[in-house]
Amino acid sequence: MSIELEKNYNYAEAEKKWYEYWTNEKMFAGSSDSKKPPYSIVIPPPNVTGELHLGHAMDHTLQDVLIRGKKMMGFETVWVPGTDHAGIATQKKVEDKVRKEGETRYTLGREKFIEKIWEWKNLYGNQIIEQCKRLGNSCDWDRLRFTMDEGCCKAVREAFYRLYKKGIIYKGRRLINWCPRCRTALSDLEVNHKDMDSKLYYLRYMVKGEEGFITIATTRPETILADAAICVHPEDDRYKSFIGKEVIIPLTDRAIPVIADEVVERDFGTGALKITPAHDPTDYEAGKRHNLPSYIVIDENGKMNSEAGKYCGMDRFECRTRIAEDLENAGLLEKTEDYKNSVGVCYRCDTVIEPYLSWQWFAHMDDLAKRALDAEKEGKVRFTQERYANTFRTWLENIKDWCISRQLWWGHRIPVWTCGECGHMDAFKEDPECCPKCGSKNFNQEEDVLDTWFSSGLWPLSTLGWPNETKDLDFFYPTKVLITARDIIFLWVARMIMFGLEFKNEVPFSDVHVHATLLGKDGRRMSKSLGTGVDPLLLIDKYGADALRFSLVHLTGQGQDIKFPADFKNGKLERAERVEKFRNYANKVWNAARFCLGYIPEDIKPELPDTSKLSAADRWIISGINRICRDIKNAYDTYSYDVIANSLYDFFWDDFCDRYIETVKSVLSSENGGTSNEAQVLLHVFNKFLRLLHPVMPFITEELWHLFPGCEGSIMNASFPEYEDALSFPEDEKTMESVFETVKAIRSLRADVSIAPKKKVKVYVIPGTDEIGDLIKKEEQTIKNLASAEEIVIASDRSGIPSKSIACMASVSQVFLPALEIENLDKQIEGMEKEAAKAVKAIEAANKKLSNEAFLAHADEGIIAKEKEKLAEAEAKAAKLVEQIKVLRGN
RNA sequence: GGGCGCAUAGCUCAGAUGGUUAGAGCACUACGUUGACAUCGUAGGGGUCAAUGGUUCGAAUCCGUUUGCGCCCACCA
């Protein structure tokens, strides 16, 4: 063939060319009119908070591999892309940005501020899409969605409306998690727990009207002004006499009762505890049990309010120290102790959460959770790793109501209106003009927006058209698999399952595959919010998208966390060895193609000639690619990405390049020039290999596909190669193993005595069996070429071989290199002695087993036979080595 | 306080259902550019599989305990 290929694969050019081609040809489109079985995935929509990092790249690559692979396997595939408005996270980002411009969300006002967020969204939303494209994602871009687009808004409205009408959504005044910086409520899942060095303050509450006091321990003395009671354990003899009496809150003259409740741990602190219902979840519950009033002393900004008297306006933490000082001065602070406790912080801005009593919207979870739980138990949705199913179940079994309202500006506004005149309140699918009850125009929508996870929970539904009964929904729902990292199993995966069951009566996906979390070199999780993310474009620019993709597929394994080794110098990427490895691999593929194309005539087809007319080497490599066709296909269904990556890597590099091509090369360059069969086999193997590789390395495979004869159209439309029984040749695989082992033995001998690679040598072989002898004779040329031997003498025993020879005991045969070639004999003998010692050790181990009656009684026959074989082999090897050493020494 | 995961070569990681001489890539050593590829080839060196008990004829692999690291859940103030 006359094509001139560059020496190195030019990935940048190929990537641009083929991605344009695919999108122009609408190759990523999935149609609900198809007769093929559906295979759909909806992308976990990345937050529009900034660019993607490598963690996303991994997530996306794993999905793209499935989509591309399954398409080739005959499915009608669609991968629905989109982004998430990410309420609180994005709002925070934009707040930070406008602060730099000297503004706040309040100075700008709601409308202006939201405009700013849309600008941000457009900027980063587009950047994200560009990153996805560079990575090679085969998303159906015509279906691109956003969690706040028209369709999603409609879905959110519908869902909210239904849940409201069903009584699942309700408004209530509760103690919720409040972020004083974001000034919004948060769900329990949006609170992170952090261990902190705190102090435990011991405070005295004087008994009213008599002598005596109770000392309590608290970490939050600033809340004493909101105390409603002092609580002790009912069985605690130390305090029994106090129960029912009143004590005075320190620094005030307000009296509160001493009550008894079993929540109190007698061992903790003094065994007495203050109850502050409005500022602590435990106390809130206790307050409810004992009908205690809730005093509020901290406002929505985390500052002390007017109820706090002289502390009014003070920050809560400042107030803490001030009150502690005041208590100290008043002689009511007994002591303070250092204390480590876990404090809730906002998952977006790290601010310490304030339990805050306020009106919020909630969703009852019991019923939704039960259905999700049942669906998992019935196998309708399956976690590919059992341990995640367990945590999923445990969470659902202990679920609490979900606080869905947020006091943010960025998000889906709660579609509930309340009448200023008659007080009528209701949810609406369409914005109402006036109060349907009294006709008043003073009919106002709730100011709050919904938890961002409410809309993402509807994602598989909304992206396919719900609430409309679309053909897409009918055909592509439920989707096949959800691929994600483990940190959003509850926040997102569980909610999607609940909503899918609630609104469509079907789980949104049958499989959930949780992949590894990528860590930076320092072991910290890669994350945008932590600033530890690495931009995939840096790696794509340096090594190519295919290389990055392969490395990510290879790394993901079965879900372990992985440190991604990438070296940076002054913010510049120096080296990422794990990606470099696959850049090299891509280059290897490229160059192997270069070689093959040189021998493949343009007019041949990838069909094989009669396999019985082929050489053992030919059948061996055909059998090899056939085997990995099966292994890789199976791996798709078990999400065994490591199998996919390893099979492709090892087969191609070790078997195809290092062995087969080297063998063929020697045949082709030998005097008779080989037969046309070699070209046919090269084409056959390469053709199949490209198709197997394509889902992982789409660009280079598409590029090469068009260069090989008989490859019509895009490789994306080619079929996935099937395993065929007729192409399995275990005998030839065995044969070739023997050949390669013999080659290796000769090479090893040569290297041991530093014979120049070019120098041809004469070697003697005593084959282990007659069969192997025949085989070596038959494959003589191959062995000669691969081992740079000029003559191979097959001997039946030691007698015909020059006595002064060094030997290598391969398992199939003994190989001898005459000592004429030997320069450093002593070193050689030393090496052989080492070998012999190893063999002796093996003999001992085998003997120990075989003389053990229990072993013989318990072990499988096959194991015993194998052990015997091992023993015989080791014994023979040792004997021969000893003999050789003697010969070398003696003469 | 519960639950989970992980500890294997200098580094990053593989090692279903227990029986291997414990593997790969990078790094390291030696040698090597006669046209596929130096982003390469050939041959090597390197590990008491965290510790400790136990089950078993046999454990890197199964069980208990310990140590170290990481994660999730949780209302001991």
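Order of the sequence lines fixes the chain letters, A, B, ..., with proteins taken first and strands second; residue numbering starts at 1 for each chain. Basis for what follows: all heavy atoms, side chains included, without hydrogens, waters or symmetry-related copies.
- Considering only side-chain N and O atoms, A/Thr391 lies nowhere under 4.0 angstrom from the phosphate OP1 or OP2 of B/rC73.
- Taking a pair to require two hydrogen-bonding distances under 3.5 Å in either a Watson-Crick or a G-U wobble arrangement, B/rG41 pairs with B/rC31.
- For the P atoms, the distance from B/rG15 to B/rU39 is 31 Å, rounded to whole Å.
- In this structure, A/Lys866 reaches neither bases nor backbone, as no heavy-atom distance under 4.0 Å exists between it and the strands shown.
- One P atom belongs to B/rA77, the other to B/rC4, and the distance between them is 24 Å to the nearest Å.
- Side-chain contact of A/Tyr11 with A/Glu703: a donor-acceptor pair under 3.5 Å is absent, judged by distance alone.
- Across the strands present, B/rG68 finds its partner in B/rC6; the criterion is a Watson-Crick or G-U wobble pair with both atom distances under 3.5 angstrom.
- For B/rA43, the base has no donor-acceptor partner in the side chain of A/Lys744 [N/O atoms by modelled type, under 3.5 angstrom].
- Between the P atom of B/rC26 and the CZ atom of A/Phe582 lies a distance of 10 Å, rounded to the nearest Å.
- Between A/Tyr585 and B/rC37, a side-chain N or O to OP1/OP2 separation shorter than 4.0 Å is absent.
- Atom pair A/Tyr543:OH and B/rC26:P shows a separation of 13 Å (rounding to whole Å applied).
- When rounded to the nearest whole Å, the span between CD of A/Gln385 and C1' of B/rC71 equals 14 Å.
- If you check every strand for non-hydrogen atoms under 4.0 Å, A/Lys542 touches nothing.
- Between the side chains of A/Asn591 and A/Arg594, at least one donor N or O lies within less than 3.5 Å of an accepting N or O.
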Evaluate the ring pair (Phe, Tyr, Trp, His ring centres under 6.0 Å) criterion for residues A/Phe582 and A/Tyr649: first the C-alpha distance (whole Å), next the side-chain angles of each, then the deciding distance (0.1 Å), finally the verdict.
-> CA-CA 9 Å; A/Phe582 297 107; A/Tyr649 191 89; 5.7 Å; yes
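- Put simply, A/Lys288 has no side-chain N or O that comes within less than 4.0 Å of OP1 or OP2 on B/rC75.
- For A/Trp653, no side-chain nitrogen or oxygen approaches OP1 or OP2 of B/rC40 to under 4.0 Å.
- Taking the side chain of A/Lys581 as heavy atoms from C-beta on, and the options B/rC57, B/rG15, B/rA24, the nearest nucleotide is B/rA24.
- When the P atom is used for both B/rU48 and B/rA9, the distance is 9 Å, rounded to whole Å.
- Contacts of A/Asp280 with the nucleic acid, taken as non-hydrogen atoms under 4.0 Å apart, are absent.
- For A/Lys665 and B/rG35, the shortest distance from a side-chain N or O to OP1 or OP2 is not below 4.0 Å.
- Rounded to a whole Å, the CG atom of A/Leu548 is 21 Å from the P atom of B/rU39.
- Here the separation of B/rA59 from B/rC71, taken at their C1' atoms, is 28 Å to the nearest Å.
- Taking only distance into account, the side chain of A/Arg583 meets the base of B/rU39 through a donor-acceptor pair shorter than 3.5 Å.
- Between A/Lys588 and B/rC37 there is no side-chain N or O to OP1 or OP2 distance below 4.0 Å.
- At a threshold of 4.0 angstrom between heavy atoms, the contacts of A/Phe392 with the nucleic acid are absent.
- A close approach under 4.0 Å does not occur between any side-chain nitrogen or oxygen of A/Asn8 and OP1 or OP2 of B/rC37.
- No donor-acceptor contact under 3.5 Å links the side chain of A/Lys7 to the base of B/rC37.
- Around the CD atom of A/Glu861, the shell of radius 6.0 Å holds no more than 12 heavy atoms that belong to other residues, nucleotides or ligands.
- For A/Glu577, the listed nucleotide lying nearest its side chain is B/rC26; candidates were B/rU39, B/rG41, B/rC26.
- Using a 4.0 Å cut-off between charged nitrogen and carboxylate oxygen, A/Glu867 and A/Lys870 count as a salt-bridge pair.
- Among the heavy atoms of the strands lying under 4.0 Å from A/Glu662 is at least one base atom, whether or not backbone atoms are also near.
- Here B/rU56 sits opposite no nucleotide as a Watson-Crick or G-U wobble pair (both hydrogen-bonding atom distances under 3.5 Å).
- Between B/rA24 and B/rG19, the two C1' atoms lie 23 Å apart (nearest whole Å).
- Taking atom P on both nucleotides, B/rC6 is separated from B/rG64 by 13 Å, rounded to a whole Å.
- Base-pair partner of B/rA77: not found among the strands shown (Watson-Crick or G-U wobble, both distances under 3.5 Å).
- Enclosure of atom CD in A/Glu853 is not indicated, since only 12 or fewer non-hydrogen atoms of other residues, nucleotides or ligands lie within 6.0 angstrom.
- As rounded to whole Å, 13 Å separates atom C1' of B/rA74 from atom CD of A/Glu265.
- In this structure, B/rA24 and B/rU12 make a Watson-Crick or G-U wobble pair, each of the two defining distances being under 3.5 angstrom.
- Heavy atoms of A/Ser342 sit under 4.0 angstrom from at least one base atom.
- Ring centroid separation for the pair A/Tyr599 and A/Phe595 comes in under the 6.0 Å cut-off.
- Considering only the side chain of A/Phe855, B/rG19 comes nearest among B/rG19, B/rA43, B/rA77.
- Nucleotides B/rG41 and B/rU33 place their P atoms 16 Å apart, quoted to the nearest Å.
- The gap from the C1' atom of B/rU21 to that of B/rA60 amounts to 15 Å, rounded to the nearest Å.
- A salt bridge is defined here as a Lys NZ or Arg NE, NH1 or NH2 lying under 4.0 Å from an Asp or Glu carboxylate O, and A/Glu869 with A/Lys866 fails to meet this definition.
- Residue A/Val264 has its side chain nearest to B/rA77 when only B/rA77, B/rC13, B/rC57 are considered.
- With B/rC13, B/rA77, B/rG19 as the candidates, the nucleotide lying closest to the side chain of A/Ile863 is B/rG19.
- Contact annotation: A/Arg387 does not reach the phosphate of B/rC4 (side-chain N/O to OP1 or OP2, under 4.0 Å).
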